[in-house]
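See below for the structure under consideration.
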Amino acid sequence: TVHCTVRRQGLPPFFPAHAKLTTDAAMWARPLLRRSFPPRRSLSFSSDPFPRLLSSSSSPPASSPPEDPFCVAIIGSGPSGFYTAKYILQSLSPQKFGPSAPRVEVDIIERLPHPFGLVRYGIAPDHQDAKNVEEEFRRVMDSHPEHDPHGSAAYFGNVRVGRDVSLADLTDLYSAVVLATGAADADRALGVDGEGLDGVVSARRFVGWYNGHPEHVGTAAVARALGNGAGRAHAVVVGNGNVALDCARILSKGGSGLAGTDVTAAAGDVLGGGVGTVTVAGRRGHGQGAFTIKELREMTKLDKDGYGMQFVVRDGELDLGATPATAEEMKSANGGRPKTRIEKLLRSVASDGGDGDGDDGGTRRLHLRFLLSPVRFLPASDDPSRVGSVVFERTALSGPAGSQRATGTGELIEIPADLVVIS
Amino acid sequence: MSLHLLAHRCLNKIAPAPTAGSTALFVRHSLLPVAVPHRTGSTTLFLRQSLSHAASPHRSNFSAIRSLHSTAPLNHGPPPPPDAPTIPLTFIYAERPGKPATTVVVDAAVGTSLLSVAHTHDLALEGACEGVCACSTCHVILPQDVYDDLPEPSEDEEDMMDQAVGLTPTSRLGCQCTVAEDWAGIELEVPSATRNFYVDGHVPKPH
């Protein structure tokens, strides 16, 4: 646009000659314009505005107040990024900061086109309530120079720092740069034989697959693993956190159970009516599991809620985990209450597990198992490139309350698996 | 609400109003409002779609029914009616490092939840899930007699309170407690931290 051409003269050299990611180059120019036009004044205190602006006790300077706004670039638009934006705007607003409050401009930069990070791509599709926090984030975006001359926020999606704009340039252009990018976008290996077999996927990729994350939505491994019909397949989820329970629940509900949610259509098709057998296995006991009771309770009610999945937890494994140290953990302040309630819930639904091991045709089962650590992934008999089962070693707990460790006992248990999700 | 109006509101809320030709890029790629008739006949907004799917919509056996929210976006509940009776309530904010305890007295509308009282009066009480009992950030501590008079918390509320920081025997979630007429003059305490927002020096436990 003409507007953009005029401004180009003031732009630093890193500005791409062609904007291959956006057809609207003026959108690019916006963060740069904040800082380069009008040109900075050389006021005596402008060389180090950061500490002065954050000190609410400083008196306004004798000369005219600075016109340079306090600009912050926040890299990452998940909850961390948006809460940072919210609280920067709030604490530097005239109500909180005082009459010498600077003008604040916050630019939120996100690698993906869609904002909100894990709120969008991590929360399970059947847990829409937790996504309500997006309303809070949208209210942050409501602050606009026209309505609120003191503070405004802007969002830039599909911008990768390091490729489209460099960190060095951001630190030049902004008063402050906040890194709110989250954990590394990579998987930690278990270090177990057979981890590379087809059908062994990380929960990060599996969750991204069913949530439509642009980088994981094409994960074909799940479709290959469940290709012969989800209803006859066996899935194993390694881990005992809320993500593990989420994965198990999505596998259990299947596409039919997730109708009306924002699960991707492709995932719904692959999951069909739900996977036949799902086993969630954690290496420590039920008292050490990182899951919370809300997600656990939901799992125990899958059958009653009409998803056709029976929940199985073994009394024997609850007993194995009930060490004296675990009993002590259940009595600790604040941490004790959640664990005690989880124990009570599990005991109320536990069985000897005997009816759960056979394949009796119709019934689909979800097993929540404890004190099992994977030692090997074995290939399928009909296709050695795909996983066929997981060999677990029974573990025993030892150590003081609060830091019990799982040590192998040598007893091995093999569980069939067409799909393994490492969580 | 008409589809176009809803899309317009969403687009305006997320992207800054266009200034001199700038446009938020992500709008073009991921917010493709496509109306898909819902099973029951009402129209829902087809927003949360993967990029690849949005680029090449395909037919499948899985019916493409989507909704933006399965619960209506609440914004902490509607504002109280202007003629509702009010009673004075005292909110005590616990001391934090570098900040003394503060006390605020507000006129709370009877029949509204404690969370909406806090938000109507711009008090610092987080309600991350917008008051649908899906988080623990509106945790408040009530006086013993008020706590005893309230009906028992639901199983859902008890489950969410397991996650609250600094839980006490008289703790409740603010979004689940409705202001009653005989609460005039009571003092509630707001703990210094929530699961979302720690105070300086707190070391969060890994999960």
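Below, each value reflects all heavy atoms present in this structure, side chains not excepted, and no hydrogens, waters or symmetry copies. The chains referred to below are lettered A, B, ... by the order of the sequence lines, with proteins before strands, and numbering in each begins at 1.
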- prompt: With a cut-off of 6.0 Å (strictly less than), are more than 12 heavy atoms of other residues, nucleotides or ligands near CG of A/L345?
  reply: yes

B/A134 versus A/D129, closest heavy-atom pair with distance: CB-CB, 3.7 Å

message: Using a strict threshold of under 4.0 Å (side-chain N to carboxylate O), is an ion pair present between A/R337 and B/D162?
response: yes

- line: Okay, A/F291 and chain B: the region with an atom under 4.5 Å from a heavy atom over there is neither

- request: Give, for atom SG of B/C133 and atom NZ of A/K294, the distance between the pair rounded to the nearest 0.5 Å.
  value: 8.5 Å

message: Any carboxylate oxygen within less than 4.0 angstrom of a Lys/Arg side-chain nitrogen, looking at A/R341 and B/D159?
response: yes

query: Quick one: SG on B/C129 to CD on A/E135, what's the gap to the nearest 0.5 Å?
result: 12.0 Å

- request: Please state whether the side chain, the backbone, both or neither of A/F137 comes within less than 4.5 Å of a heavy atom of chain B.
  value: neither

task: Please determine if A/K301 and B/E155 form a salt bridge, counting it only when a charged side-chain N lies under 4.0 Å from a carboxylate O.
output: yes

query: Does a salt bridge link A/R139 with B/E130, judged by any charged N lying under 4.0 Å from a carboxylate O?
result: yes

